[in-house]
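Heads up: the structure comes next, in structure tokens.
Keep in mind it's a predicted model, so treat the numbers as computed, not measured.
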Amino acid sequence: MAVDLTPRQPAKAYGGEGGAYYEWSPAELPMLGVASIGAAKLSLAAGGMSLPSYSDSAKVAYVLQGKGTCGIVLPEATKEKVVAVKEGDALALPFGVVTWWHNTPGSATELVILFLGDTSKGHRPGQFTNFQLTGASGIFTGFSTEFVGRAWDLKQNDAAKLVSSQPASGIVKLSAGQKLPEPVAEDRKDMALNCLEAKLDVDIPKGGRVVVLNTANLPLVKEVGLGADLVRIDAHSMCSPGFSCDSAYQVTYIVRGSGRVQVVGPDGKRVLETRIEGGSLFIVPRFHVVSKIADASGMEWFSIITTPNPIFSHLAGKTSVWKAISPEVLEASFNTTPEMEKLFRSKRLDSEIFFAPN
């Protein structure tokens, strides 16, 4: 049965003066459920705070816009890590991590974070379930005051006051002058990698650039079980047709710019052909071949791949399968002449992955 691969924008799930939380639903983007992938976006206004919570899924977070602070409490840790975050930062968030996020009160821009993760062990395939520690929907609102009081060694009336003192749910805007911990430089180590500043894994003039997140540059990726990359291609450049050769799904969020995408599956059937633009998300099924061409504005996207150290096979360019296959096999496979085989092989000798316009 064919699955709709059409790129989608997220819908607002909840929010208020401090910001909003948006999510993609498997009802609108069925491949989320098929691949057991969750996708969401958090947007915090100046002074906004996302209250402490944990999720039923391991995730990769990517800062799309702004700068602020992220608090991280790893399982069994005795102290939180307070990490300064800014546009381009990627963080790996394993199971059991408690996080909070805060946008600077005087910020001129919103702090926007993208979350992509594996929901295969979660409550709802294709959708994150977040557990708030405080607020109107906090888990302690479900316990009796007797249990809360016993757990925190408080009198029941004090426990009731503490649990009910935060009327908001999920996101708040802090009062003027209310302080949160300052970021600690050491806490960034092994917790965040800035993809806009990191060493490029691929750099093709007038073509494009890639930074790959893996276990080498962001160790927690191993615990999350996901790989990720940030790709930026220039105006009218093409990303080579290719596929993940380790049975992984590729989940792509368009950060900015626009362009066209085609995806081809079994039996040579084109299963997706559409324009894509900033803010949209789509998923490439396992072993399907995908290619993109940027518009005049160029295009930038952040992707996760459902394996921590992904391997791709490309079908065009100097590192493609065709350059490795012998001339005789290529000639027989295409049922073509030796002259056409030589012409075909003579092309793209210096181009790799990205192809600038002629």
Side-chain angles (χ1 to χ4, degrees), residues 8-25 28 38-57 59-73 80-89 91 93 97-117 124 127-143 148 159-183 192 253 255-256 278-281 302:
R8 302 290 184 187
Q9 299 275 345
K12 183 177 178 180
Y14 61 86
E17 188 181 3
Y21 181 82
Y22 303 84
E23 60 186 4
W24 283 265
S25 165
E28 294 291 326
K41 194 160 62 171
L42 173 66
S43 179
L44 295 177
M49 179 186 183
S50 175
L51 298 173
S53 67
Y54 65 93
S55 176
D56 65 350
S57 306
K59 306 174 184 177
V60 173
Y62 182 72
V63 181
L64 297 168
Q65 175 184 300
K67 58 183 180 179
T69 307
C70 175
I72 302 172
V73 182
E80 70 181 352
K81 293 180 180 290
V82 183
V83 179
V85 295
K86 63 180 181 179
E87 181 178 342
D89 276 348
L91 301 88
L93 305 174
V97 169
V98 172
T99 60
W100 54 263
W101 301 81
H102 178 235
N103 190 8
T104 310
S107 175
T109 61
E110 293 184 335
L111 174 64
V112 183
I113 306 105
L114 173 72
F115 299 99
L116 301 173
R124 299 173 294 174
Q127 205 160 7
F128 298 131
T129 299
N130 298 319
F131 294 81
Q132 304 293 332
L133 297 190
T134 66
S137 58
I139 58 174
F140 283 99
T141 61
F143 282 103
V148 177
K161 288 179 183 177
L162 188 57
V163 169
S164 63
S165 60
Q166 177 55 271
S169 180
I171 299 173
V172 300
K173 184 165 185 177
L174 299 185
S175 303
Q178 197 167 355
K179 300 290 186 181
L180 290 180
E182 290 293 326
Y253 175 85
V255 177
R256 56 178 55 88
S280 61
L281 182 111
F302 184 81

Is there side-chain contact between [X] and [Y], with heavy atoms separated by less than 4.5 Å?
X    : Y    : answer
L133 : L51  : no
F143 : V163 : no
H102 : L44  : no
P10  : E23  : no

Heavy atoms only: give me the nearest [X]-[Y] pair and the separation to one decimal.
X    : Y    : answer
K12  : A20  : CE-CB, 3.8 Å
G279 : Q9   : O-OE1, 3.0 Å
G135 : T141 : O-CG2, 3.4 Å
G19  : I171 : N-CG2, 3.6 Å
L281 : A39  : CD2-CB, 3.9 Å
V83  : A192 : CG1-CB, 4.5 Å

Quick one: pull up [atom1] in [X] and [atom2] in [Y] and give me the separation to the nearest 0.5 Å.
X    : Y    : atom1 : atom2 : result
I113 : Y21  : CD1   : OH    : 11.0 Å
L116 : K59  : CG    : NZ    : 10.0 Å
I72  : W101 : CD1   : CH2   : 6.5 Å
M49  : T69  : CE    : OG1   : 10.0 Å
L162 : F140 : CG    : CZ    : 9.5 Å
D56  : T129 : CG    : OG1   : 4.0 Å

Step by step, would you call V82 with E182 a side chain to side chain contact (heavy atoms under 4.5 Å, CB included)? CA-CA 7 Å; V82 183; E182 290 293 326; over 6 Å; no
Heavy atoms from other residues, nucleotides or ligands near CD of E17 exceed 12 (cutoff 6.0 Å):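 It does not: E17 CD has 12 such atoms or fewer within range.
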What class does the angle between the rings of W24 and Y253 fall in, given that below 30° is parallel, 30 to 60° is tilted and above 60° is perpendicular?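 Ring orientation, 0 to 90° scale: perpendicular.
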Classify the ring geometry of F302 against Y62: parallel below 30°, tilted from 30° to 60°, perpendicular beyond 60°.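 Geometry flag for Y62 against F302: parallel rings.
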[Y] backbone acceptor or donor facing [X] side chain under 3.5 Å:
X    : Y    : result
N103 : G68  : no
T104 : G106 : no
E110 : Q65  : no

side-chain hydrogen bond (donor to acceptor under 3.5 Å, both in side chains): which pairs involve residues 166-177, sequence neighbours left out?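 Residue pairs passing side-chain hydrogen bond (donor to acceptor under 3.5 Å, both in side chains), neighbours aside: S137-S169.
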